[in-house]
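The structure appears below as structure tokens.
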Number of protein chains: 2
Amino acid sequence: MRRMTARPANAHQARLLRLLRDGGPNSRAQLGDQVDLSRSKLAVEVDRLLETGLVVADGLAASRGGRRSHNVRLNPQLRFLGVDIGATSVDVAVTNAELETLGHLNQPLDVREGPVAVFEQVLAMAAKLKATGLAEGFDGAGIGVPGPVRFPEGVPVAPPIMPGWDGFPVREALSQELGCPVMVDNDVNLMAMGEQHAGVARTVADFLCVKIGTGIGCGIVVGGQVYRGTTGSAGDIGHIQAVPDGRPCACGNRGCLEAYFSGAALARDAMDAAQQGLSAELAARLATNGGLTAVDVAAAAAAGDATSLDLIREGGNRVGQVIAGLVSFFNPGLVVIGGGVTGLGHTLLAAIRTQVYRQSLPLATGNLPIVLGELGPTAGVIGAARLISDHLFSPA
Amino acid sequence: MRRMTARPANAHQARLLRLLRDGGPNSRAQLGDQVDLSRSKLAVEVDRLLETGLVVADGLAASRGGRRSHNVRLNPQLRFLGVDIGATSVDVAVTNAELETLGHLNQPLDVREGPVAVFEQVLAMAAKLKATGLAEGFDGAGIGVPGPVRFPEGVPVAPPIMPGWDGFPVREALSQELGCPVMVDNDVNLMAMGEQHAGVARTVADFLCVKIGTGIGCGIVVGGQVYRGTTGSAGDIGHIQAVPDGRPCACGNRGCLEAYFSGAALARDAMDAAQQGLSAELAARLATNGGLTAVDVAAAAAAGDATSLDLIREGGNRVGQVIAGLVSFFNPGLVVIGGGVTGLGHTLLAAIRTQVYRQSLPLATGNLPIVLGELGPTAGVIGAARLISDHLFSPA
DNA sequence: TCAACTTTCTCCACTCACAGGACAAAGAAG
DNA sequence: CTTCTTTGTCCTGTGAGTGGAGAAAGTTGA
């Protein structure tokens with residue numbers, strides 16, 4: 001099947017494509033209400049989009065008291081591939097142009113095996129999704145990787161947890177393999193974009209999205225746009241010092257936030273507690289599973305295990321302390337907590353909220369919601385699809 | 001004298017005005033090189049600007065190998081008023097449209113006396129500057145206040161150190177008094193804009209500007225634009241927790257950065273040291289002056305006083321620790337240190353640098369200059385002038 | 001069933017922004 | 001004094017965009 005080659009010819013068309021992406025099928029009249037163009041000009045641009053095939057007619061809408069409108073929508077055959085590579089697992093999803101997830105796969109993975117092995121797996125997953133008939137090819141792909149990225153080139157730079165990826169031309173390589181445009185970004189930024197598109201952050205211009213998984217990162221959105229920093233490492237809060245001269249961290253420093261709370265740190269602390277006989281619940285799980293993860297701690301906490309609850313609260317306090325500082329500094333309109341450890345749920349959230357509301361200035365916290373992400377593991381892949389659609393739906 | 005009523009009629013004119021502001025007199029040809037318009041269109045817009053009086057002819061430039069160019073420049077009679085209200089002093093300056101300082105006054109002041117008393121003083125200072133013949137009136141004024149501001153309305157909100165100002169319609173009131181457009185912003189943001197316009201930050205898109213005076217604040221510039229946050233309190237880093245359960249702070253919390261280092265904290269620590277006999281140098285100054293300020297500590301340090309040097313280093317470490325966190329989070333391209341305590345100079349800077357370079361990730365610090373502000377006390381007033389000029393030099 | 005009103009969409013003529021070339025003015029270099 | 005360069009102006013063609021007229025397709029009420 002011939003894939004999308006067309007791109008919007010001007011800013012108007014780009015605007016229209018994004019409106020159709022975010023608002024679904026729409027009539028010319030409805031589009032006109034949102035776009036500040038005369039009806040005639042708008043009709044011309046819509047017709048041109050129809051010619052390119054990016055947009056197709058979508059039948060008649062119900063009357064609103066007059067002539068029924070002819071709806072248009074984004075071509076329903078367009079397909080985006082969203083890939084969210086984590087430290088220990090990978091999500092791959094297929095979406096349509098409205099960024100609805102049509103198919104989603106998750107597999108365990110060790111990112112340290114390097115880009116070649118990982119992409120082999122990712123491509124196999126994409127092929128599997130294609131084989132189900134969801135897609136005949138992809139019009140674009142967004143890729144999230146767990147480390148800083150030089151965004152314009154789509155190349156990871158000095159990623160601590162995946163050293164083999166440093167400088168690997170992810171964008172170029174995958175674009176070649178998939179035969180479509182590719183954009184690459186930090187996984188945390190993609191999660192923020194996902195929650196912005198379809199989650200809790202739909203109406204907020206400036207917000208923070210804290211992702212707590214194997215590590216900790218923070219997506220920063222300023223004026224509706226992801227802020228990536230000068231070298232692409234903005235939001236790297238895992239190695240902010242939480243405790244002066246504290247625990248040693250894998251990064252070589254001491255007292256980093258990640259050394260105190262993250263999926264990895266929590267698992268280790270739980271293991272210690274179990275072995276020291278502090279928690280029968282955890283010890284039992286350790287005996288049956290042969291190991292402990294954040295999921296075990298969540299389950300134990302849900303079962304009322306005091307030690308697990310303490311671990312979560314203590315970790316939440318640490319993260320909350322750092323977030324409190326960021327809130328004072330950044331004065332966001334919303335803080336989203338997401339990532340693997342959201343399974344820890346409201347115990348974690350309560351601890352974070354307590355710290356932030358106690359430590360930050362009233363003006364910054366007065367009207368500040370701190371909430372869990374809404375999309376769970378799909379946030380990343382939806383964000384990835386949004387990333388590439390933002391790119392494709394902008395003037396060529 | 002009739003003051004400027006004209007405003008640029010479109011984005012092109014606004015662009016041209018800003019080019020003339022930032023680049024001084026220019027020929028049509030030179031402007032054309034920067035603005036991506038055809039010569040004809042550009043000539044039309046320049047002519048229109050000449051008609052409005054915002055721009056005037058400025059004679060012939062030297063030949064560059066062909067016909068000599070007719071320079072144009074911003075009307076040299078345009079005058080902006082820059083006001084930087086600090087906690088304990090106020091700066092008032094008059095600039096031309098190119099934001100060159102033509103006259104500058106500084107007076108002590110207690111901001112807690114409230115807006116009415118303060119504005120009386122500010123207006124008297126403005127009148128004094130006018131009386132010297134520098135200006136017959138003002139075409140616009142920028143006002144900086146030491147607290148958060150609801151920017152669109154120009155109204156301080158919940159300012160901790162100037163409670164009497166809460167909700168006072170600064171913009172409206174001063175606009176009435178001065179008879180010209182007025183914009184109001186946080187003093188720290190103005191300092192950042194000043195350093196951006198005429199100081200060390202001229203070429204950087206994303207940077208932080210830490211102002212250490214009576215308190216501590218941080219201007220945040222994203223993509224060349226000041227970021228103010230959701231409620232206008234972005235950059236309020238003085239009450240980030242530097243030490244868990246540390247010293248009590250005036251804000252009611254414990255361990256705030258400001259409790260450890262700021263002009264006020266430094267003066268108090270120096271006093272303690274002098275009274276405990278730890279420093280003969282400081283004790284002598286206390287005896288002669290009857291009190292100590294950051295200036296005394298700076299002088300003592302310059303004279304080699306070990307206690308003073310220690311105080312500065314210790315404070316620098318605290319600030320540096322917080323800045324290190326912000327650098328990890330924000331990944332700026334530059335960090336500017338400014339405000340009253342810049343007199344502490346390189347001892348302070350060295351301490352800050354040590355902390356940041358040690359604690360932040362290499363990717364974020366690798367190419368990160370940390371420097372003192374270049375403009376000193378004029379940064380604020382230049383920033384204020386820039387604020388109002390940005391407003392006036394945008395399409396009506 | 002018909003008239004009156006709404007909403008949606010299309011067509012057309014007119015305006016204006018803008019580009020780009022021709023050309024004039026003014027100086028430099030040989 | 002000729003040629004080349006730079007700068008600025010004039011003019012015309014093009015295409016973007018507006019706004020009105022009117023057709024198409026419905027709803028509503030008498």
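Nothing here was measured: the structure is a model prediction, and the numbers come from that model. Numbers restart at 1 for each chain; the letters A, B, ... are given by sequence-line order, proteins then strands.
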Qualifying residues under side chain to side chain contact (heavy atoms under 4.5 Å, CB included), relative to B:Arg68, sequence neighbours excluded: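 For B:Arg68 the side chain to side chain contact (heavy atoms under 4.5 Å, CB included) partners, ignoring immediate neighbours, are B:Leu60, B:Ser63.
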Non-neighbouring partners of B:Val46 that pass side chain to side chain contact (heavy atoms under 4.5 Å, CB included), sequence neighbours left out: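 Once residues adjacent in sequence are excluded, the partners of B:Val46 under the side chain to side chain contact (heavy atoms under 4.5 Å, CB included) criterion are B:Leu16, B:Arg28, B:Leu31, B:Leu42, B:Leu50, B:Val72.
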Donor + acceptor pair across side chains of A:Asn10, A:Glu45 (<3.5 Å):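 Indeed, the side chains of A:Asn10 and A:Glu45 share at least one donor-acceptor pair under 3.5 Å.
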Nearest-Å distance for atom pair [atom1]/[atom2], residues [X] and [N]:
| X | N | atom1 | atom2 | answer |
| --- | --- | --- | --- | --- |
| B:Asn10 | D:dA16 | CG | C1' | 16 Å |
| A:His12 | D:dG15 | NE2 | P | 16 Å |
| B:Asn26 | D:dT6 | CG | C1' | 16 Å |

Within residues 27-45 of chain B, residues whose heavy atoms come under 4.0 Å of DNA chain D: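 Going residue by residue through residues 27-45 of chain B, the ones with a heavy atom under 4.0 Å of DNA chain D turn out to be B:Ser27, B:Arg28, B:Ala29, B:Arg39, B:Ser40.
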Check against salt bridge (Lys or Arg N to Asp or Glu O under 4.0 Å), A:Asp390 and A:Arg386: CA-CA 6 Å; A:Asp390 270 349; A:Arg386 162 125 175 176; 3.6 Å; yes
Intermediate values then yes/no, salt bridge (Lys or Arg N to Asp or Glu O under 4.0 Å), B:Arg48 and B:Glu51: CA-CA 5 Å; B:Arg48 288 188 191 156; B:Glu51 277 172 35; over 6 Å; no
Sidechain N-carboxylate O distance under 4.0 Å for B:Glu98, B:Arg73: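 Salt bridge between B:Glu98 and B:Arg73, a charged N being under 4.0 Å from a carboxylate O: yes.
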Can you pull every protein N or O that's under 3.5 Å from an N or O on nucleotides 25-28 of chain D?
| residue | atom | partner | partner atom | Å |
| --- | --- | --- | --- | --- |
| D:dA25 | N3 | A:Arg67 | N | 3.3 |
| D:dG26 | O4' | A:Gly66 | O | 3.3 |

Ring pair (Phe, Tyr, Trp, His ring centres under 6.0 Å) partners of A:Tyr227, counting only residues at least two apart: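 A:Tyr227 satisfies ring pair (Phe, Tyr, Trp, His ring centres under 6.0 Å) with B:Phe330 only.
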Side chain to side chain donor-acceptor pair (under 3.5 Å) partners of A:Arg202, counting only residues at least two apart: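 A:Arg202: side chain to side chain donor-acceptor pair (under 3.5 Å) contacts with A:Glu374.
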